[in-house]
Amino acid sequence: FHCFLPAVHEKSILLPLLPASLLAQKEPQLYGWFVYFALFSMYPLICRDQLLLQYIAVLGLFFLIYYTPGGSHGKRLNISCGAKLVLSLPFLCSLILHITYLQIEPPKRYPFLFDALIMFICFSQFVILTMYTNYKQWMLDTHSRSIGVKKDL
């Protein structure tokens, strides 16, 4: 019975994923980034529960569905090469940590070193995404409302 109950972290990461799914049409890169790091944040738990094959299947299925031809991911951001390099750094670190977590034993002095690195990367991405979405929310065009409409108080 215990194997069917998700851990507390697994439940808590699903809470922001549900409203974030509303962004999938407007901000497809943001949504894909968030889902990837949400899955990556569960990686240590998944490895401990020996669910690596299922993790790979879900991650592969997400990328297969998300990057289908003609999907909404086609709206690419126009950013400089340097910005692309900075944005790809957390993704590259996550790929390295995927392999390192399984292949290398952490030092005896710091048994949770790789877990902490994974959580640091994911937390930093969640903070950046939170700041970006709050900025976008506060910068919405307020002039699109009707001028003659009375506000409800």
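Note that this is a predicted model, so its numbers are computed, not measured.
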According to a 4.5 Å side-chain heavy-atom criterion applied to Ile, Leu, Val, Met, Phe, Trp and Tyr, with indirect links allowed, do [X] and [Y] form part of one hydrophobic cluster?
{"X": "Leu64", "Y": "Leu53", "answer": "no"}
{"X": "Trp33", "Y": "Phe62", "answer": "yes"}
{"X": "Leu95", "Y": "Met42", "answer": "yes"}
{"X": "Ile121", "Y": "Tyr132", "answer": "yes"}
{"X": "Phe63", "Y": "Leu39", "answer": "yes"}

Yes or no on ring-ring contact (aromatic ring centres under 6.0 Å, His included) for Tyr36 and Phe91, after CA distance, side-chain angles and deciding distance? CA-CA 9 Å; Tyr36 175 76; Phe91 183 71; 5.1 Å; yes

Pairwise distance CG(Leu102) to CZ(Phe114) - rounded to 0.5 angstrom: 10.5 Å

CZ/Phe40 to OH/Tyr101 distance, rounded to the nearest 0.5 angstrom? 10.0 Å

Met119 vs Pro44 side-chain heavy atoms within contact, under 4.5 Å: yes

Where do Leu22 and Tyr31 land on the side chain to side chain contact (heavy atoms under 4.5 Å, CB included) test, with the steps shown first? CA-CA 9 Å; Leu22 298 173; Tyr31 179 69; over 6 Å; no

Assess the pair Phe34 and Phe126: is the distance between their ring centroids shorter than 6.0 Å? yes

Which is it for Asp115 and Tyr43 under the side chain to side chain contact (heavy atoms under 4.5 Å, CB included) test, yes or no, and what are the steps along the way? CA-CA 9 Å; Asp115 294 354; Tyr43 188 67; over 6 Å; no

What's the verdict on side chain to side chain contact (heavy atoms under 4.5 Å, CB included) for Cys47 and Tyr55, showing C-alpha distance, side-chain angles and the deciding distance? CA-CA 9 Å; Cys47 288; Tyr55 172 78; over 6 Å; no

Under 4.5 Å side-chain heavy-atom separation, chaining through any Ile, Leu, Val, Met, Phe, Trp or Tyr, what else clusters with Ile128? Say none if it is isolated. none

Transitive ILVMFWY cluster of Val127 at side-chain heavy atoms under 4.5 Å: who else is in it? Phe123, Met131

